[in-house]
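Notes to accompany the following structure.
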Amino acid sequence: MSDTSARVADSTGNWVDTLAPEWARPYLRLSRYDRPIGSWLLLMPCWWSAALAAGMAHDVRRLPLTIVLFLIGAFVMRGAGCAWNDITDRDLDAKVERTRSRPLPSGRITVKQALAFLVAQALVGLVVLLQFNRFAVATGIASLVVVAIYPFMKRVTWWPQVFLGLAFSWGALMGFAVTFGRIDVTALVLYAGSIAWVIGYDTIYAHQDAEDDALIGIKSTARLFGAHTHQALILFYGLSVMLIGVALASGDARWPAWLGLAAFAVHLASQIMRLRIDDPDLCKRLFYSNKYAGLLLFAGLLADAVMRAA
């Protein structure tokens with residue numbers, strides 16, 4: 001099989017295709033290092049909570065190191081999560097046009113090889129986690145329960161996006177665990193707001209596969225909401241903004257954080273207005289744009305933390 005034919009259908013022409021050694025390409029594609037959007041989306045709640053907690057503590061001395069460690073941890077643990085997801089979904093992926101060219105269903109690597117790469121990435125994540133206090137270590141390890149069950153949810157519930165939200169929003173708890181050695185109400189409300197955000201953006205993402213999913217019996221909020229997706233997004237994105245606002249108020253955030261939240265809200269509103277669920281390419285672009293929505297909020301929280309520590 002040529003390397004060109006081994007490329008993943010919805011991710012071509014990236015750095016893995018052009019720069020990575022050929023032997024490494026299937027592994028990098030398995031863990032989505034060719035399209036790191038998921039790592040960024042996993043990272044955003046981590047950075048939000050780290051900045052908000054630092055602002056509440058009026059101390060940003062450890063914040064740069066925490067930001068870097070969360071960055072490394074998010075990328076390797078998202079890579080490990082993708083490997084686990086593809087191992088469990090390899091038979092289903094073979095039936096979907098967009099995913100049948102992934103390394104496992106296409107036969108580029110074996111399940112044993114995928115498991116080995118999963119473990120290697122998880123060990124790097126453990127090294128990162130061990131830089132924090134014991135409570136943070138325990139909190140991080142607890143997230144593995146949700147990560148482990150997520151891939152199976154699309155087989156049994158119309159709401160697999162909720163379970164993705166539980167997993168991808170875990171970082172909203174980690175910043176408080178690292179900074180304070182506890183999880184308080186502010187952290188839990190931020191976590192809930194992030195979950196609502198994930199449900200919204202992953203519903204947009206799932207519309208790319210709605211037709212194939214219907215044929216093979218895979219459930220999703222995209223299929224559940226269907227023509228009512230815009231109204232559902234108003235609900236979940238609106239809930240996200242409201243809950244994050246409650247978290248900011250609870251954490252006594254100042255105006256930069258609120259400005260960041262306003263920019264975040266405008267970005268989400270623009271996604272709803274632009275969305276056409278019958279346009280897979282647009283769905284993909286809007287889903288990807290959530291990286292910038294998250295960064296807008298983070299910028300506000302970071303500026304707030306620096307202001308409060310001054």
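Quick note: numbers below take in every heavy atom, side chains included, and nothing from hydrogens, waters or symmetry partners.
- Between Arg254 and Asp304, no side-chain nitrogen of the basic residue sits less than 4.0 Å from a carboxylate oxygen of the acidic one, so the salt-bridge criterion is not met.
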Show which side-chain atoms of residues 42-59 pair as donor or acceptor with protein atoms under 3.5 Å away, not counting sequence neighbours.
from: Trp47; atom 1: NE1; to: Ile67; atom 2: O; distance (Å): 3.1
from: Trp48; atom 1: NE1; to: Gly294; atom 2: O; distance (Å): 3.0
from: Ser49; atom 1: OG; to: Pro45; atom 2: O; distance (Å): 3.2
from: Ser49; atom 1: OG; to: Cys46; atom 2: O; distance (Å): 3.0
from: Ser49; atom 1: OG; to: Gly171; atom 2: O; distance (Å): 2.6
from: Ser49; atom 1: OG; to: Gly175; atom 2: N; distance (Å): 3.0
from: His58; atom 1: ND1; to: Arg308; atom 2: O; distance (Å): 3.1
from: Asp59; atom 1: OD1; to: Arg61; atom 2: N; distance (Å): 3.0
from: Asp59; atom 1: OD1; to: Arg61; atom 2: NE; distance (Å): 2.9
from: Asp59; atom 1: OD2; to: Arg61; atom 2: NE; distance (Å): 3.3
from: Asp59; atom 1: OD2; to: Arg61; atom 2: NH2; distance (Å): 2.8

Report the C-alpha separation of Leu188 and Leu173 in whole Å, then their side-chain angles, then the decisive distance to 0.1 Å, and conclude whether the side-chain contact (heavy atoms from CB on, under 4.5 Å) test is met. CA-CA 7 Å; Leu188 291 172; Leu173 306 176; 4.1 Å; yes
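- Using modelled atom types, no side-chain atom of Ser169 and backbone atom of Leu166 make a donor-acceptor pair closer than 3.5 Å.
- Counting only distance, with no hydrogens or angles, the side chain of Arg29 and the backbone of Asp34 share no donor-acceptor pair below 3.5 Å.
- Between Gln271 and Tyr237, the side chains place a donor N or O and an acceptor N or O closer than 3.5 Å (distance only, hydrogens not considered).
- Hydrophobic cluster membership of Leu239, counting Ile, Leu, Val, Met, Phe, Trp and Tyr whose side-chain heavy atoms lie under 4.5 Å apart directly or via other members: Val185, Val189, Met242, Leu243, Val246.
- Minimum interatomic distance between Arg32 and Cys82 (heavy atoms only, all atoms of both residues): CG-SG, 3.3 Å.
- Ionic pairing of Asp279 and Arg274 is not present here: no N-O contact between side-chain nitrogen and carboxylate oxygen is shorter than 4.0 angstrom.
- Annotation: Tyr292, atom OH; neighbour count of heavy atoms from other residues, nucleotides and ligands within 6.0 Å does not exceed 12.
- Test Arg155, Arg100, Arg102 against Asp89 for salt bridge (charged side-chain N to carboxylate O under 4.0 Å, His left out) and you get one pass: Arg155.
- Remark: side-chain polar atoms of Thr179 are not paired, donor with acceptor, to backbone N or O of Phe176 under 3.5 angstrom.
- Using a distance-only test at 3.5 Å, with no hydrogens or angles considered, a donor-acceptor pair links the side chain of Thr139 to the main chain of Phe135.
- In terms of modelled atom types and a separation under 3.5 Å, the side chain of His230 and the main chain of Met273 share no donor-acceptor contact.
- For Phe163 and Tyr150, the gap between ring centers reaches or exceeds 6.0 Å.
- Aromatic ring centres of Phe298 and Trp40 lie farther apart than the 6.0 Å criterion allows.
- No side-chain heavy atom of Leu123 sits less than 4.5 Å from a side-chain heavy atom of Val127.
- Side-chain atoms of Asp202 do not come within 3.5 Å of backbone N or O of Ile199 as any donor-acceptor pair.
- Counting all heavy atoms, side chain and backbone alike, Trp258 lies closest to Gly245 at CH2-O, 3.2 Å.
- Residues Tyr288 and Tyr205 place their aromatic rings such that the two centres sit no closer than 6.0 Å.
- Aromatic ring centres of Trp15 and Tyr33 lie farther apart than the 6.0 Å criterion allows.
- At least one donor-acceptor pair under 3.5 Å links the side chain of Thr110 to the backbone N or O of Gln113.
- Although no hydrogens or angles enter the test, the distance criterion places no donor-acceptor pair under 3.5 Å between the side chain of Ser194 and the main chain of Tyr191.
- Using a 4.5 Å cut-off on side-chain heavy atoms (C-beta onward), Ile218 and Arg223 make no contact.
- Of the possible polar contacts, none joining the Ser250 side chain to the Ala247 backbone as a donor-acceptor pair under 3.5 Å is found.
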Which is it for Phe70 and Phe132 under the ring pair (Phe, Tyr, Trp, His ring centres under 6.0 Å) test, yes or no, and what are the steps along the way? CA-CA 11 Å; Phe70 278 167; Phe132 303 128; 5.6 Å; yes
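- Residues Gln161 and Ser220 bring no donor and acceptor atom of their side chains to less than 3.5 Å of each other.
- Between Lys95 and Asp213 there is no salt bridge, since no side-chain N of the basic residue sits under 4.0 Å from a carboxylate O of the acidic one.
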